[in-house]
Amino acid sequence: IKNNSNSELWISIEKKGKEVIGTDKLNNIFLILFDSVSLDFLEKNLDEMPFTKNFFKDKISYQNVYSNADWTASCLTSLINSELPSTHRFTDLKETHKLEPVKKNNLFSFFKSNGFMTNFLHRAKAQNPAFGFDKDVDNFFYYPFSFGNEGDDQKITNKVVELLYTNISYKNFFLIHF
């Protein structure tokens with residue numbers, strides 16, 4: 001590996017001997033994205049969120065964090081396709097609206113090919129069917145974004161619970177974006 005930058009290169013490798021768990025042993029997978037949640041907000045509100053408080057009890061805080069993209073649409077596209085914005089090029093709605101941002105091999109197609117029911121619930125304005133973000137998704141729910149509207153987040157949560165109970169006999173993958 002060549003490092004042509006002035007930054008240190010850190011590599012993470014899984015420990016030897018760890019059992020690899022295949023998707024056949026998993027029934028429900030939830031990938032939850034909290035967009036623009038600051039550490040300050042979490043610290044001020046953790047007492048009201050016991051599960052989140054427990055999750056962060058041994059927190060690690062980074063001072064220099066870099067995102068894979070500069071805004072939500074590009075970030076979610078990177079996640080769905082496992083590509084950087086420089087590869088998928090879905091970076092600006094005005095300039096890239098003619099692109100098909102969801103590639104053939106994507107996060108949802110992976111789970112579908114492994115027998116999962118795929119669910120995508122979100123508030124991001126760019127991840128809508130007009131751009132093809134319902135590709136390979138069995139249950140697609142879009143709640144238009146409005147700042148500070150906790151009711152939309154509750155709608156997403158309610159729909160997730162409904163979908164889970166409706167499809168409890170199946171393997172489910174949920175990508176949930178708040």
Side-chain angles (χ1 to χ4, degrees), residues 19-38 41-42 45 48-56 67-85 87-91 93 96-178:
E19 180 187 358
V20 177
I21 297 176
T23 55
D24 58 325
K25 295 182 181 180
L26 301 172
N27 288 330
N28 296 297
I29 298 173
F30 296 86
L31 178 53
I32 303 171
L33 299 171
F34 292 103
D35 201 342
S36 302
V37 176
S38 69
F41 174 84
L42 287 173
N45 296 287
E48 298 171 28
M49 303 182 292
F51 296 109
T52 305
K53 184 175 184 174
N54 187 46
F55 180 80
F56 286 109
S67 177
N68 66 344
D70 59 350
W71 72 301
T72 302
S74 190
C75 178
L76 276 171
T77 305
S78 292
L79 176 74
I80 291 167
N81 292 316
S82 189
E83 293 179 333
L84 291 172
T87 303
H88 65 67
R89 303 185 54 82
F90 191 73
T91 55
L93 294 182
T96 60
H97 67 279
K98 294 177 184 172
L99 294 175
E100 288 186 37
V102 180
K103 308 296 186 213
K104 180 180 178 184
N105 296 318
N106 61 68
L107 187 65
F108 298 111
S109 67
F110 169 79
F111 281 104
K112 282 184 80 76
S113 68
N114 283 285
F116 281 79
M117 187 81 100
T118 56
N119 305 278
F120 186 19
L121 299 93
H122 65 94
R123 294 174 62 178
K125 64 183 173 185
Q127 270 70 29
N128 65 58
F131 291 109
F133 281 92
D134 56 346
K135 182 178 183 176
D136 298 316
V137 178
D138 295 309
N139 296 301
F140 183 90
F141 292 92
Y142 168 57
Y143 298 90
F145 183 81
S146 57
F147 285 102
N149 188 342
E150 294 174 9
D152 287 340
D153 287 340
Q154 190 61 52
K155 289 177 192 173
I156 291 173
T157 305
N158 292 346
K159 185 54 84 172
V160 167
V161 171
E162 178 186 326
L163 288 168
L164 186 58
Y165 279 113
T166 302
N167 299 308
I168 200 71
S169 301
Y170 302 98
K171 296 182 349 179
N172 294 282
F173 169 72
F174 287 89
L175 175 54
I176 307 163
H177 173 247
F178 290 103

Straight-line distance of L121 CG to F141 CZ, nearest 0.5 Å: 6.5 Å
Test item: N105 side-chain N/O and K103 main-chain N/O as donor-acceptor pair under 3.5 Å: no
CD1-CD1 distance between I32 and I176, expressed to the nearest 0.5 angstrom: 4.5 Å
F108 backbone acceptor or donor facing D136 side chain under 3.5 Å: no
Atom pair CZ/CG of F120 and D134 - distance to nearest 0.5 Å: 10.0 Å
Residue F30 excluded, over 12 heavy atoms near CZ under 6.0 Å: yes
Close side-chain approach of N119 to V160, heavy-atom, < 4.5 Å: no
N106 side, atom CG; F111 side, atom CZ - distance, nearest 0.5 Å: 11.0 Å
Donor-acceptor contact present, side-chain N114 to main-chain F110, <3.5 Å: yes
Side chains of D138 and N167 in contact at under 4.5 Å (non-hydrogen atoms): no
Close side-chain approach of Y142 to H122, heavy-atom, < 4.5 Å: yes
Closest contact, heavy atoms only, S109 versus K104: OG-O, 3.3 Å
Side chain to side chain contact (heavy atoms under 4.5 Å, CB included) evaluation trace for K159 with N139: CA-CA 10 Å; K159 185 54 84 172; N139 296 301; over 6 Å; no
Spatial distance of atom CG (L163) from atom CG (N28) [nearest 0.5 Å]: 11.5 Å
Gap between atom OG1 of T118 and atom CG of L175 - 0.5 Å precision: 10.0 Å
Minimum heavy-atom distance between N172 and F174, given as atom pair plus value: CB-CE1, 3.5 Å
